[in-house]
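Okay, structure first, notes after.
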Amino acid sequence: QEWQNPFATWNPLDFCNISEIILPMDTYWSPPIFILERVNGQDPELNYMVLTHNGSFNSTRPFQVTLTCSLIILKFPFDTQTCNLSIASFLYPAVTDFVMKTRRTPAEIMKDSQSFFLTDGEWKFTNLSIIEYTETLDDKGFSVVTYLITMERRPTLYILNLILPTCALYLLDMAVLFGPSSLEEKINFQIAIILGSSMLAVILNNSLPTSSNKPPIIGTH
């Protein structure tokens with residue numbers, strides 16, 4: 001965060017060439033903002049800000065939060081999800097008191113974010129866009145900045161553990177059903193196929209995400 005305070009300025013030549021100082025967050029006014037989609041998280045312990053001689057404040061506070069996100073997993077495991085991270089403050093009206101702007105472009109923020117994002121995880125960070133708008137609440141406009149984060153799921157693990165065994169199981173079922181074996185052998189093998197399909201369905205149920213209105217295609221038979 002960066003903001004200006006014209007009442008917190010000084011001439012470095014009058015104070016031993018000191019051009020900036022570090023102060024606690026409660027020393028001066030700081031922007032009261034919060035994340036709309038936040039449901040849980042850890043508040044930062046770095047409650048300090050840097051004040052320069054021209055009245056510019058700079059505060060870098062790392063947050064680790066859990067956000068709510070509406071998932072669409074119909075195409076699982078080849079799905080792409082877009083989640084919002086909205087930063088707002090409903091204490092000061094945007095028209096007269098408080099307006100938030102992003103300092104960097106989405107391309108610059110995405111480049112920095114990719115350096116921090118885990119590259120060997122389940123998700124691949126693909127795109128980031130920013131929307132700055134005014135939210136109307138009780139006939140007052142409040143400044144909101146929303147980051148649209150797009151992530152693509154890495155399907156390799158699910159293909160090897162779920163899709164290929166399922167396809168192999170049903171292909172084997174069809175091969176035995178139309179094969180030249182006797183009826184007794186077909187019945188015994190069909191029972192084994194049913195047991196195998198039941199075990200695979202239990203494994204599949206534990207592996208598939210559940211936070212979606214529509215089930216994935218791989219989970220419907």
Side-chain angles (χ1 to χ4, degrees), residues 33-43 62-90 94 100-137 141-171 173-174 193-194 196-221:
I33 63 173
F34 59 94
I35 301 174
L36 299 183
E37 295 85 3
R38 175 177 176 175
V39 295
N40 194 5
Q42 180 180 0
D43 293 330
F63 281 89
Q64 183 177 3
V65 297
T66 301
L67 307 177
T68 59
C69 183
S70 179
L71 301 180
I72 302 175
I73 57 173
L74 184 63
K75 298 180 180 180
F76 175 88
F78 306 100
D79 54 329
T80 300
Q81 306 295 338
T82 300
C83 296
N84 296 344
L85 192 154
S86 301
I87 300 176
S89 176
F90 294 124
M100 290 191 300
K101 297 290 183 180
T102 56
R103 184 185 62 180
R104 294 179 295 177
T105 63
E108 294 174 345
I109 299 178
M110 182 175 176
K111 182 179 179 181
D112 293 339
S113 301
Q114 286 178 336
S115 63
F116 293 105
F117 198 83
L118 295 177
T119 57
D120 56 348
E122 181 182 357
W123 295 94
K124 180 182 178 182
F125 186 27
T126 58
N127 191 27
L128 174 67
S129 57
I130 302 174
I131 301 177
E132 299 176 356
Y133 62 98
T134 300
E135 181 74 19
T136 302
L137 183 64
F142 299 93
S143 180
V144 181
V145 176
T146 300
Y147 295 85
L148 279 71
I149 304 171
T150 303
M151 296 179 294
E152 181 181 351
R153 193 189 303 269
R154 300 180 188 271
T156 305
L157 181 64
Y158 297 97
I159 292 176
L160 296 177
N161 293 338
L162 296 178
I163 297 180
L164 290 182
T166 303
C167 294
L169 196 63
Y170 286 109
L171 288 177
D173 184 17
M174 294 177 60
I193 290 292
I194 292 174
S197 300
S198 301
M199 292 299 298
L200 188 61
V202 173
I203 298 174
L204 189 64
N205 185 53
N206 295 330
S207 301
L208 295 179
T210 58
S211 57
S212 179
N213 294 328
K214 295 183 180 181
I217 297 178
I218 189 176
T220 57
H221 300 284

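All values reported here derive from a predicted model rather than from experimental measurement. Numbers here simply count residues along the sequence, with the first being 1.
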> Any donor and acceptor pair, going by atom type alone, linking the side chain of Glu122 with main-chain N or O of Arg153 inside 3.5 Å?
Replying inline: no
> Taking only residues two or more places apart in sequence, or in another chain, which ones meet Glu152 in a side chain to side chain donor-acceptor pair (under 3.5 Å)?
Replying inline: none
> Distance from Tyr147 atom OH to Ser86 atom OG, nearest 0.5 Å?
Replying inline: 10.5 Å
> Quick one: side chain to side chain contact (heavy atoms under 4.5 Å, CB included) partners of Leu160, sequence neighbours excluded?
Replying inline: Thr156, Leu164
>> For the CD1 atom of Ile72 and the CG atom of Asp79, what is their distance to the nearest 0.5 Å?
In response: 9.5 Å
>> Could you check whether any side-chain heavy atom of Pro77 comes within less than 4.5 Å of a side-chain heavy atom of Ile163, counting everything from C-beta outward?
In response: yes
>> The criterion is disulfide (SG to SG under 2.5 Å); which residues satisfy it with Cys83, sequence neighbours excluded?
In response: Cys69
> Partners of Thr102 by side chain to side chain donor-acceptor pair (under 3.5 Å), sequence neighbours excluded?
Replying inline: Glu132
>> Within the structure provided, determine whether Gln81 and Ile73 are in side-chain contact (heavy-atom separation under 4.5 Å).
In response: yes
> Considering all heavy atoms of both residues, which atom of Glu135 and which atom of Val144 are nearest to each other, and what is their separation?
Replying inline: CB-CG2, 3.7 Å
>> Which residues pass the ring pair (Phe, Tyr, Trp, His ring centres under 6.0 Å) test with Phe90, not counting sequence neighbours?
In response: Phe34, Phe142
>> I'd like to check the side chain to side chain contact (heavy atoms under 4.5 Å, CB included) partners of Pro165; sequence neighbours left out, ordered by chain and number.
In response: none
>> Going by the rule side chain to side chain donor-acceptor pair (under 3.5 Å), which residues pair with Thr150 if we only count those two or more places apart in sequence or in a different chain?
In response: Thr82
>> Are the side chains of Glu37 and Val65 in contact, using a 4.5 Å heavy-atom criterion?
In response: no
>> Which residues pass the side chain to side chain donor-acceptor pair (under 3.5 Å) test with Glu108, not counting sequence neighbours?
In response: none
> So do Asn84 and Leu148 actually touch side chain to side chain, heavy atoms under 4.5 Å?
Replying inline: yes
